[in-house]
Participant: 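Please find one structure pasted underneath; my questions will follow.
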Number of protein chains: 2
Amino acid sequence: MQEQAIHTEKQDKRQHLLEVAERLFAEQGYEAVSIRHLAKEADVNIAMVSYYFESKEKLFRTLLESKMPKTRAVLEEVLASDIPSWEKMSKVIDMYIDKFFVNRAFHRIIMREMSLQQRPEHVQLIADNFARNMKIIRGIIEEGQEKGQFRYVDAELTIASMFGTISTAINNHKLMCMLTQQPDSELVYGDDYRERFKRHMKSMLQAHLLLNTGG
Amino acid sequence: MQEQAIHTEKQDKRQHLLEVAERLFAEQGYEAVSIRHLAKEADVNIAMVSYYFESKEKLFRTLLESKMPKTRAVLEEVLASDIPSWEKMSKVIDMYIDKFFVNRAFHRIIMREMSLQQRPEHVQLIADNFARNMKIIRGIIEEGQEKGQFRYVDAELTIASMFGTISTAINNHKLMCMLTQQPDSELVYGDDYRERFKRHMKSMLQAHLLLNTGG
DNA sequence: CAAAAAACTAAACAAACGTTTGATTTTTTC
DNA sequence: GAAAAAATCAAACGTTTGTTTAGTTTTTTG
């Protein structure tokens with residue numbers, strides 16, 4: 001049993017490198033993480049990075065492409081489903097918060113990558129991926145508007161608010177601790193806080209989107 | 001006239017270095033900007049950075065401390081003024097959007113710095129500065145709640161939404177171009193877009209915060 | 001179980017890094 | 001206008017960077 005575990009571990013040295021790299025890139029940024037630093041943290045020889053990934057840059061690209069979230073199918077399913085528009089938005093909010101919270105290290109990386117003008121091909125990759133999802137969400141909002149369920153809000157900037165609120169929460173760990181008056185720890189990404197976050201997001205967007213049909 | 005301009009320019013080589021550094025740090029990140037790169041872009045000798053700032057790190061700290069926004073006085077003035085709570089929030093939104101848009105290069109830097117766990121003293125400096133402002137804004141929201149003008153929303157996360165929406169707009173230039181369906185340029189930070197942004201933010205937060213007092 | 005392939009390693013590579021030096025030019029001071 | 005101070009420069013400093021090499025160990029294959 002134990003032997004097999006160790007055996008598997010050795011086989012997956014490549015995967016292990018990717019995981020350690022993700023953590024370090026998220027914590028310190030791509031440029032600040034040296035191959036030696038990464039190799040030491042992952043407990044492998046320096047040359048193994050070039051051996052498996054050719055170069056540091058290609059390691060990064062591999063990480064980016066392999067972990068890029070595949071949310072489009074889920075979003076399209078929600079859009080196509082036969083439920084009120086607000087329930088669709090509610091599902092979208094749940095999904096995005098869960099995805100971002102669980103994979104927050106990766107999302108820190110891609111959001112930092114977006115804010116830099118260093119590697120245009122990365123920016124394009126991330127932006128394209130986001131643009132497709134954005135289009136679907138805009139579809140949900142416009143559908144709600146046409147069906148008389150949603151107000152005629154600024155759909156694009158509403159999405160920017162949803163996305164922006166979540167990504168700021170993920171990016172600024174220290175800030176979130178201060179905001180929620182919790183002691184400084186990753187606990188701000190725990191279940192309780194996540195539910196609180198969902199409640200807030202739904203409350204805000206509901207007030208923003210829903211028409212007051214009552215007299 | 002022209003001679004004096006050149007003369008002033010030469011005198012302010014230190015200031016010029018700071019400005020170029022701000023632009024480069026915002027575009028490429030601290031680690032990716034080398035002294036040689038910075039010196040070439042600013043058209044000064046490599047040794048001048050050490051001459052004026054001792055080290056690259058102290059240049060960064062100098063930039064951070066000298067440009068850290070001083071918004072507290074403005075916020076406290078708004079809080080103390082004798083106007084409806086919503087008008088206070090409206091002023092806060094205007095001020096933050098203007099400040100962030102005008103100094104977006106600097107804000108890109110400090111937000112990236114917050115998301116990294118590289119230089120804890122920087123994180124502390126930025127977080128402290130933010131925490132003070134946040135407290136004042138929370139004061140405005142709680143005042144509105146006590147006066148029966150605002151709903152009992154989650155004040156902390158409402159601030160996170162406001163801050164998060166703006167900072168995402170600043171950070172993700174490419175994303176904003178896609179969202180607003182504009183051609184890729186810094187024009188998304190022009191006057192028209194800024195007004196659109198303010199309208200959206202006020203519309204959303206108003207729906208979120210304001211009680212429907214009408215029957 | 002020997003040969004081939006894959007995995008792994010220590011050591012070395014050139015290039016780029018932040019910083020310093022020591023000399024030269026420019027500016028300020030009296 | 002000479003002496004002192006400040007500003008500027010090219011060149012070199014020792015490290016660290018990402019990457020490669022050449023050899024060894026381990027695993028797979030027939």
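Throughout, a chain's letter reflects where its sequence line sits, starting with A, and its residues are numbered from 1. Note that these values count all heavy atoms, side chains included, but never hydrogens, waters or copies made by symmetry.
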Participant: Could you pull out every donor-acceptor pair under 3.5 Å between side chains of residues 68-76 of chain B and any protein atom, sequence neighbours left out?
Facilitator:
{"unit_1": "B:Lys70", "atom_1": "NZ", "unit_2": "B:Met68", "atom_2": "O", "d": "2.9"}
{"unit_1": "B:Thr71", "atom_1": "OG1", "unit_2": "B:Asn133", "atom_2": "ND2", "d": "2.9"}

Participant: Looking only at side-chain N and O atoms, does A:His107 offer a donor or acceptor that is under 3.5 Å from a partner on A:Ser167?
Facilitator: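 There is no such pair between these side chains.
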
Participant: Go through the structure and list residues passing salt bridge (charged side-chain N to carboxylate O under 4.0 Å, His left out) with A:Arg196, not counting sequence neighbours.
Facilitator: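 Counting only residues at least two positions away or on another chain, A:Arg196 forms a salt bridge (charged side-chain N to carboxylate O under 4.0 Å, His left out) with B:Asp154, B:Glu156.
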
Participant: Please enumerate all residues that pass side chain to side chain contact (heavy atoms under 4.5 Å, CB included) together with A:Lys135, with sequence neighbours excluded.
Facilitator: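 Side chain to side chain contact (heavy atoms under 4.5 Å, CB included) check on A:Lys135 returns A:Arg138.
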
Participant: Can you list the residues that meet the salt bridge (charged side-chain N to carboxylate O under 4.0 Å, His left out) rule with A:Asp128, with sequence neighbours excluded?
Facilitator: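 Result, salt bridge (charged side-chain N to carboxylate O under 4.0 Å, His left out) vs A:Asp128: none returned.
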
Participant: Got a list of side-chain donor-acceptor pairs under 3.5 Å for residues 95-103 of chain B, not counting sequence neighbours?
Facilitator:
{"unit_1": "B:Asp98", "atom_1": "OD1", "unit_2": "B:Arg194", "atom_2": "NH1", "d": "3.1"}
{"unit_1": "B:Asp98", "atom_1": "OD1", "unit_2": "B:Lys198", "atom_2": "NZ", "d": "3.0"}
{"unit_1": "B:Asp98", "atom_1": "OD2", "unit_2": "B:Lys198", "atom_2": "NZ", "d": "3.2"}

Participant: Of all residues at least two apart in sequence or in a different chain, which pass the side chain to side chain contact (heavy atoms under 4.5 Å, CB included) check with A:Ala105?
Facilitator: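 Once residues adjacent in sequence are excluded, the partners of A:Ala105 under the side chain to side chain contact (heavy atoms under 4.5 Å, CB included) criterion are A:Glu22, A:Ala26.
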
Participant: When the distance from NE2 of A:His16 to C1' of C:dC8 is rounded to whole Å, what number comes out?
Facilitator: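 It is 15 Å, rounded to the nearest whole Å.
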
Participant: I'd like a list of close polar pairs between nucleotides 18-21 of chain C and the protein, N/O only, cut-off under 3.5 Å.
Facilitator:
{"unit_1": "C:dG18", "atom_1": "OP1", "unit_2": "B:Lys56", "atom_2": "NZ", "d": "2.9"}
{"unit_1": "C:dG18", "atom_1": "OP2", "unit_2": "B:Ile35", "atom_2": "N", "d": "2.7"}
{"unit_1": "C:dG18", "atom_1": "N7", "unit_2": "B:Arg36", "atom_2": "NH1", "d": "2.8"}
{"unit_1": "C:dG18", "atom_1": "O6", "unit_2": "B:Arg36", "atom_2": "NH2", "d": "2.8"}
{"unit_1": "C:dT19", "atom_1": "OP2", "unit_2": "B:Lys56", "atom_2": "N", "d": "2.7"}

Participant: Enumerate, atom names and distances included, each donor-acceptor pair closer than 3.5 Å involving a side-chain atom of residues 34-47 of chain A, sequence neighbours excluded.
Facilitator:
{"unit_1": "A:Ser34", "atom_1": "OG", "unit_2": "A:His37", "atom_2": "N", "d": "3.0"}
{"unit_1": "A:Glu41", "atom_1": "OE2", "unit_2": "A:Arg23", "atom_2": "NH2", "d": "2.6"}
{"unit_1": "A:Asn45", "atom_1": "OD1", "unit_2": "A:Ala47", "atom_2": "N", "d": "2.9"}

Participant: Atom CG of A:Leu24 to atom P of D:dG18: distance rounded to whole Å?
Facilitator: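 One finds 12 Å between P of D:dG18 and CG of A:Leu24, rounded.
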
Participant: Quickly work out the B:Met48 CE to D:dA11 P distance and round it to whole Å.
Facilitator: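 These atoms are roughly 17 Å apart.
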
Participant: Whole-Å distance between D:dT19 P and A:Tyr52 OH?
Facilitator: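 Going from OH in A:Tyr52 over to P in D:dT19 covers 17 Å.
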
Participant: Do any N or O atoms of the protein come closer than 3.5 Å to N or O atoms of nucleotides 24-26 of chain C, and which pairs are they?
Facilitator:
none

